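The structure presented is a predicted model; accordingly, all values stated were derived computationally and were not measured.
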Amino acid sequence: MRTVAVVLDIQTQALDTTYTYAVPDDMDGVQVGCAVLVEFGRRRAVGYVMAEEGDADSFLDEPADVPVSVPGRMCFVDDMRGEGAPREKKQELKAVLSVLSAPYFDEDGAALIEYIAHAYLAPLSSCVHLLTPAGRTPKVVKREDCWELQKPARRRKAKNADADAPLATDAELARRAHALETFELTEGQRRAFDTVRACVERGCGDVVLIDGVTGSGKTEVYLRAIRRSLELGRGAIVLVPEIALTPQTVSRFESRFGATVAVMHSRMTQAERFDQWEAVRRGERRVVVGARSALFCPMPSLGVIVIDEEHESTYKQESAPRYHARDVAAWMAKRHGAALVLGSATPSIETLCRCKADPSWHRVALPERANGKPMPEVRVIDMAREFGSGSRSMFARELVSDLHAALDAGRKAVLLLNQRGFASFVLCRDCGFVPECPTCSVSLTYHERGNMLACHHCGRRMPAPPACPACGSPYLKKFGAGTQRVEAELRNLLVDRPEVRIVRMDADTTATRDAHARLLDEFARPGAAVLLGTQMIAKGLDFDDVVLVGVIDADTQLRLPDFRSAERTFDLVEQVAGRAGRGAFEGRVLVQTYMPESCAIQAAAAYDRRRFLVDELPKRKLLGYPPYVRLVNILVWGDKVEEVREVAIGLSEQVEKTIRDVAGEDWTSLGAAPCAIDKLRGNHRWHILIKTPVDADIAAAIAPAIRGRRAHKRVNVACDVDPLSLL
C-alpha cells in the first residue's frame, strides 16, 4: 500500500501543512494534483495530492522514535484530532476514501504551490486554489451536524461549429502567424526579437526586459516570440493588466493565432473560464492571454511567458496568497526552461536594478516609436498660477484652447483624472464636519448621479445629507473633482458642440459586462470625441486620431503617504502621454498640477527617466526602501481595536526576538503601529513593517514567529512579502 501527501482544503493556521494518507490497493486514479476525500478527525474533508511518497508498510514498521523523512504530518486511525500525535509501532494510517477529480496540476504545479507558500508565507490551501478552476472544485460543507460532499455540477460543453475540426499543430500555427507578419521590424525591434528568440531557444529561464517607449512596437516582438515558441512545439502565456479594458490588445493576438488563443479574466463567468482552462489543459489552446491569474493555467509545455506593462500594480495580489506575478513567472521560467519577457515604457525600479545585478536578466531598449513619429510634446501647467490670474475653471486656458482646436479638426482627445466620483469629499463650512465611512477610516466620495455618498474601499453607499449631520448647517461644500464633475464641466464647456461624443470610463461606467469594449467602440467611431477616465485609460489604447491628452490633476498619487508615490506619478504621466500622436497627426500633452516643481512630473514631461532616478534612488537608499532592501508587511486586523493592538504588539515582540536570534543586525523591525487607513470594512488594522537585505531568506526567519504563534479567534494575521503599498 502506497502513501500520498495531501493538503487539506481547510482554511486554518493550525492545519497549514501536508498530511500523509494511505492509498488502498484497489483504488485507481490517485495522482499528484487530484482532489481526494479523506477523513480528518471527526469530519470529512477535501484534500489535494501533493506527492506520492512510497510504501505505507515501510513507514509503519519503523520504530516510533525514528523520524520519518516525509513532508507534513502522519494521519493515523487513532489520531481523532488530526494533530499528528506521537505514534506507536504498527499503527494504521488513515486511508484515502475516494478520488474526486482528475489531476488539476502535476509535479511542476505542486512545486509551484510549495514555492509560493514558502516565498510569500502563504497558506498551502490558498496556494493550491491558484491552480484549480474557480467554482469547479469539490467542497465539503456542514449541514446541521453532518459534513456533506458537494461536487461541481456537470457542465454541458458549449456547441462549437469547429468542434469536430482537427486541431492545428504548433508548426501549422507558427506558419500561419509567420504568413501574417507583413512588415519588416525596425532595427530596435529586430534587436529585441533576436535577444528574446535566443533565450527561447536556449530554454534556460532567462529574462528579457523590453524597455520601449509607448508605440515602439513591443507587442509585435511578443507576437514573433510566441510564434518561435510554437515552432519549437511549446506554448505561451501572455499577461496584460486589466485584460477586460484592452480588447485591442486581445484582438491582435487572436488575429495572429486564431482559435488557438484562450482568453481568461475576471469578468468572464466561471463557466466560461472553465471552458478556456479545460481547452488549455487538453492542448487545444496553445496561447493564453489573460490577467494575473492566467499565469497558473495548465499549459502542457511552456516556452515563453510575456508580462506586458510589467510595472503595473495589478500584478501583485492583495489577498492570500499575496504573490507578485513577475517574480512567480521568473521562477516558473527557470523551472520549465522557458523565457520570460517583460515589457514596459516605464519599467519598475526593481526590474531595472535586477537587470544590472543578474546576468540572466537582459535589458533591450526601444527608444523610438516604430512608425518613426516623435513622442508628443508635454507641457506642465501650474494651476496655482492659473488661479492667481483669475481663472476658476478646472480646465486651464491652454487646455481649453487646444481641446477646441483638436475637435475643430475632427480629431480626438483623452482627459485623465485619477479619481472616481463627483467630488473628493463634502465639508460643512460652519463646523468642519466631513462625512466618513462608518466601517473605513476614509471620507466618503460624493457622486452626483443619485446624489449619493460612497466609500470606494468597502462599497457602502448612502444618500447625501441636505444639511450637516453634526450642526445642522445647510452650507455643505463639495471639494475636489471626480470624473462625474469633470464630465459635467466638460459638457458645459462643449454645450455648443452637440456632435462631439463624450465617453466616460471609470469603475462606475464599466461595472457591467462588456462595458469596456462598448465604450471604446463608441470612442473609436470616426469624428470628434473626448475620452474621459481614470488611470484605466492610461495604457493599452491605440487610436491614430488622438492628438491631445490632458491630465486634469497629476498630483493625486504625490499626496499619498507611500514611498512609491513619486514613481507611480512618473509612470502615469509618461504612460498617458503615449496615447497622443500615435498616428499621422502630431500629438500634444498638457499636465495640470499644483506641484509643478515635482521632479517626477518634470522628468516625465521631458521623458527623462535618468533625471527621475537620480532624484529618487538616493532618497530610497537613505530611508531604506526597495530596491536597496526588501520589505515584509505583517498585517493584523479584527473588529475590536483593543484585541488587534494586543495581538500586534505581542507579535511584534516575537518578530523582534526572532530577528535578533536568527536574522541578524541587517534586519530591522519598525514595530507595531496602526495602518495609514486604520479601519477598513469594519476591521481595525495594525501592521508591523520589517526591512531585510535583498538576498534574505525571509520565510526562514519570519515563518517561526508567524506560524508558531497562538491563533486568535477574532484577530487575523497575514504576511505581505514585497508589498507594493503600505496604506
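Side-chain atoms of T260 come within 3.5 Å of backbone N or O of R286 as a donor-acceptor pair. Looking at N371, its side chain does come within 3.5 Å of a backbone N or O of R582 through a donor-acceptor pair. Judged by distance alone, with hydrogens and angles left aside, the side-chain atoms of D506 form a donor-acceptor pair with the main-chain N or O of T509 at under 3.5 Å. Distance alone, capped at 3.5 Å, places no donor-acceptor pair between the R363 side chain and the L352 backbone. Judged by distance alone, the side chain of T510 and the main-chain N or O of A515 form no donor-acceptor pair under 3.5 Å. With hydrogens and angles ignored, the 3.5 Å screen pairs a side-chain donor or acceptor of T195 with a backbone N or O of R191. A donor-acceptor pair under 3.5 Å links the side-chain atoms of K412 to the main chain of G527, judged by distance alone. Within the 3.5 Å criterion, the main-chain N or O of V503 finds no donor-acceptor partner in the side chain of E522. Of the possible polar contacts, none joining the R411 side chain to the V546 backbone as a donor-acceptor pair under 3.5 Å is found. At distances below 3.5 Å, at least one donor-acceptor pair connects side-chain atoms of R285 with backbone N or O atoms of A259.
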Run the side-chain contact (heavy atoms from CB on, under 4.5 Å) test on D521 and R525 for me, step by step, so that the C-alpha distance in whole Å, both residues' side-chain angles and the decisive distance to 0.1 Å come before the verdict. CA-CA 6 Å; D521 286 345; R525 288 188 343 218; over 6 Å; no
Go through it in stages, so that I can follow the logic: the residues are R234 and V304, the test is side-chain contact (heavy atoms from CB on, under 4.5 Å), and I'd like the CA-CA distance, side-chain angles, deciding distance and then a yes or no. CA-CA 8 Å; R234 311 186 75 178; V304 65; over 6 Å; no
Show your reasoning for whether side-chain hydrogen bond (donor to acceptor under 3.5 Å, both in side chains) applies to E310 and S348. CA-CA 7 Å; E310 71 85 25; S348 65; 3.3 Å; yes
Would E567 and H311 satisfy side-chain contact (heavy atoms from CB on, under 4.5 Å), going step by step from the backbone distance to the final call? CA-CA 10 Å; E567 182 181 2; H311 66 282; 5.9 Å; no
Going through the checks in order, is the side-chain contact (heavy atoms from CB on, under 4.5 Å) test met by L572 and T346? CA-CA 9 Å; L572 187 65; T346 55; over 6 Å; no
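Both the sub-6.0 Å distance and the 45° axial angle are not jointly satisfied by R281 relative to the ring of F274.
R518 has no carboxylate O lying under 4.0 Å from a charged side-chain N of D514, or vice versa, which leaves the two without a salt bridge. Using a 4.0 Å cut-off between charged nitrogen and carboxylate oxygen, D722 and K316 do not count as a salt-bridge pair. Using a cutoff of 4.0 Å between basic side-chain nitrogens and carboxylate oxygens, R564 and E350 are scored as salt-bridged. A salt bridge between D542 and R252 is absent, with no side-chain N of the basic residue lying under 4.0 Å from a carboxylate O of the acidic one. A salt bridge links E181 to R227: one of the charged nitrogens lies within less than 4.0 Å of a carboxylate oxygen.
Across all their heavy atoms, C127 and A122 have their closest contact at SG-CB, 3.8 Å. Minimum interatomic distance between K218 and L366 (heavy atoms only, all atoms of both residues): CG-CD1, 4.1 Å. When all heavy atoms of L239 and A325 are compared, the pair lying nearest together is CD1-CB, 4.1 Å.
One distance of note links CZ of F585 with CG of D545; it measures 7.0 Å at 0.5 Å rounding. Taken from CD1 in I113 to CE in M50, the straight-line distance is 4.5 Å, to the nearest 0.5 Å. To the nearest 0.5 Å, atoms OG (S313) and CD (Q535) are separated by 6.5 Å. From L37, atom CG reaches atom CG of D9 across 11.5 Å, with rounding to the nearest 0.5 Å. D170 contributes atom CG, which lies 8.0 Å from atom OG of S301 (distance to the nearest 0.5 angstrom). Summarising the geometry, atom OH belonging to Y315 is positioned 10.5 Å from atom CG belonging to L295; distances are rounded to the nearest 0.5 Å.
Between W331 and Y115, the two ring planes are parallel [angle under 30°; tilted spans 30° to 60°].
For Y104 and H129, the gap between ring centers reaches or exceeds 6.0 Å.
Taking 4.5 Å as the limit, some side-chain heavy atom of L520 sits within range of a side-chain heavy atom of M505. When side chains are defined from C-beta on, Y607 counts as touching P376, because their heavy atoms get closer than 4.5 Å. The closest side-chain heavy-atom distance from R579 to T214 is below 4.5 Å. For the pair F523/I537, no side-chain contact is recorded, criterion being any heavy-atom separation below 4.5 Å from C-beta on. The shortest side-chain heavy-atom distance between V289 and F257 does not fall under the 4.5 Å cut-off. Inter-residue side-chain proximity for E220 and R256 is flagged as met; some heavy-atom pair is nearer than 4.5 Å. In this structure, V196 and R224 have side chains that are not in contact, with every pair of non-hydrogen atoms separated by 4.5 Å or more. Taking the side chain as every heavy atom from C-beta outward, V414 and F543 never approach each other to under 4.5 Å.
Residue-environment remark: CD (E231) exceeds the threshold of 12 foreign heavy atoms within 6.0 Å. The number of heavy atoms from other shown groups lying within 6.0 Å of CD (E586) does not exceed 12.
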